[in-house]
Amino acid sequence: MKLLMVGAGLSGAVIGRQLAEAGHEITVIDGRRHIGGNCHTERDGETGVMVHVYGPHIFHTDDAEVWDYVNRFATFLPYRNRVKTTARGQVFSLPINLHTINQFYGKTLRPDEARAFIEAQADRSIADPQSFEEQALRFVGPDLYEAFFKGYTEKQWGCSPAELPASILKRLPVRFNYDDNYFFHRFQGMPEEGYTAMIARILDHPAIDVHLETFFDADRAGRYDHVFYSGPLDGYFGYRLGRLGYRTLDFERFTYQGDYQGCAVMNYGDRDVPYTRITEHKHFSPWESHEGSVCYREYSRAAGEGDIPYYPIRLVEEKVLLAEYEALAAGTEGVSFVGRLGTYRYLDMDVTIREALDVARGFLGRG
Ligand code: UDP
C-alpha cells in the first residue's frame, strides 16, 4: 500500500519505519526544514555544542521494547537528569528528596523521620486529590508547594495550580532518600549524536521517501491508501470548531565561556523571575567537552496562531472541544491521528514510540 506520514517527528518516523519493513511504500512529509519534530537537535555553529533546539529532551523509559528499539538506531550514552531549582535565594535539589527537605527546613532528618515530618505537613483531609494544588498539599504540604511548585507552575501553565489536573504533578516523585535522579525509570540515556541523527536512521529505509518543507492538504491525502497524521488535531479540520489551547515556549539563547551553571537544568521557582528554567546544553552530552557554552532561558506563554505548540493545556474548556474534534477524527475514514499533536496529549518520547509501535502493529493486524 502507499501510505502517507504527516510529520517527520518520532511518531511519523517510527510508524513509517515499521510499515516500510512490512513491505509498504512510505512517504513522509514535514512542513519544517528538518526532521525530528520538537526532538530536533543540532550542533551549534559557534561552540560545537549539541543543542536541543526545542528545549530539553531526556530519554527515559521502563519499556524494554522501546529501549531496544531506540538502541537499534542510536548509541545511547549514560545521562542522569539531576535538576536543581533556585528558590528564595538558595539552590535546592529536585525532585524533592531528603536533601531538599533537610536543607529547606534546616534539619538533619533520617528517611523515616522525614516521612513522618512531611506527613505532618500534608493536608490529610484531601482524600482523593483532583487538582495539581490538592495533590501537592496532600503529599508535600504548603511550604514546599509554595517554594517549588506554585510559582513555577503559574509561570509554566499561565493559571492557578488549583485549575490544573493532579496528573501533571504526578510526573514528579517525592523521595525520602538522597536519590536526586529526576526520573525513576530503569533506562535513561542520551543519543550520542542527538535525536535528529537517530530519527534520520529510523527514516533511512529504501521504502521511505522524506519531503521537507512540504505541507499537508486534502488533495495530497487522496493519493494514498492511508494517512497517519501527527500534526495538530484541530489543524486537520481547519480549526473549524475553534482552537485547542497550547502553551508555547520562547527561548532566549545566550553563550558563555566555560561552565555557566554547572548543571543541565536549573529551574526557577520564584514567581518574580520571569523565566521557568535555564538549560545549559553541553551538560546534556557529558561525554563531550566544549569551552564555549550555549544556554536557553525558557519562557512559557499561551500559544497564538503561528506559534509552535508545545504543551496541550487540557483544562475543562479544552476537554469539551477535544471531545468534539475526537468525534470528527473518529468519523474520518483513512486517517489515523497519532502522537502528541494528533491526539492532543502531554506525551513523553518513550510513550510516543510505544504508541507508534502499537499503531503500526494494529494497522498491520487489521483484516
Ligand atoms: N514543576 C514545578 N516546579 C519545578 C518543576 C516542575 O512546579 O521545579 C511542575 C510544573 O507544573 C511542570 C510539572 O511539574 O509542568 C512537570 O514537570 P516536568 O519537569 O516533568 O516538566 P517538563 O520538563 O515536561 O516541562
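Along the sequence shown, residues are numbered consecutively beginning with 1. Atoms within each ligand, like the ligands themselves, are counted from 1 in listed order.
In terms of protein heavy atoms, atom 20 (O) of ligand 1 is closest to Arg171 NE, 2.8 Å. When hydrogens are left out, the protein atom nearest atom 21 (O) of ligand 1 is Tyr346 OH, 3.2 Å; that is the closest non-hydrogen contact. Remark: minimum distance from atom 4 (C) of ligand 1 to any protein heavy atom is reached at Asn267 ND2, 3.4 Å. Summary of contacts: the protein heavy atom closest to atom 15 (O) of ligand 1 is Trp157 NE1, 2.8 Å. Protein heavy atom closest to atom 13 (C) of ligand 1, with residue, atom name and distance, is Ile168 CG2, 3.6 Å. Of all protein heavy atoms, the one lying nearest to atom 19 (O) of ligand 1 is Tyr182 OH, 2.6 Å. Here the heavy atom of the protein found nearest to atom 11 (O) of ligand 1 is Thr153 OG1, 2.8 Å. For atom 14 (O) of ligand 1, the closest non-hydrogen atom on the protein side is Leu172 CD1, 3.7 Å.
Per-residue contacts place Tyr311 under 4.0 angstrom from the following atoms of ligand 1 (heavy atoms of the residue considered): 22 (P), 24 (O), 25 (O). Those atoms of ligand 1 with a heavy atom of Gln156 less than 4.0 angstrom away are 15 (O). Here is the list of ligand 1 atoms found below 4.0 Å of a heavy atom in Phe148: 2 (C), 3 (N), 4 (C), 7 (O), 8 (O). Of all atoms in ligand 1, numbered sequentially from 1 with element shown, those under 4.0 Å from a heavy atom of Leu94 are 8 (O).
For the pair Arg277 and ligand 1, a heavy-atom separation below 4.0 Å is found. Put simply, no part of Leu169 is less than 4.0 Å from ligand 1, judged by heavy atoms.
Hydrophobic clustering (side-chain heavy atoms under 4.5 Å, transitive across Ile, Leu, Val, Met, Phe, Trp, Tyr) groups Ile26 together with Leu357. Met5 and Leu347 fall into different hydrophobic clusters, defined by Ile, Leu, Val, Met, Phe, Trp and Tyr side-chain heavy atoms under 4.5 Å apart, directly or through other members.
Nearest heavy-atom pair across Gly55 and His57 is O-ND1, 2.8 Å.
Taking distance alone, with nitrogen or oxygen atoms compared against 3.5 Å, Tyr152 stays at or beyond that limit from ligand 1.
A salt bridge is defined here as a Lys NZ or Arg NE, NH1 or NH2 lying under 4.0 Å from an Asp or Glu carboxylate O, and Lys150 with Glu154 meets this definition. Between Glu288 and Arg43 there is a salt bridge, since a side-chain N of the basic residue sits under 4.0 Å from a carboxylate O of the acidic one. Comment: Arg124 does not engage Glu134 in a salt bridge, judged by the lack of any side-chain N to carboxylate O separation of less than 4.0 angstrom. Of the charged side-chain nitrogens involved, at least one lies within less than 4.0 Å of a carboxylate oxygen, so that Arg253 and Asp44 count as a salt-bridged pair.
Using modelled atom types and a 3.5 Å distance limit, the side chains of Tyr268 and Asp270 yield no donor-acceptor pair.
With hydrogens and angles disregarded, a donor-acceptor distance shorter than 3.5 Å links the side chain of Lys282 to the backbone of Gly258.
Tyr54 and His34 have their aromatic ring centers within a separation under 6.0 angstrom.
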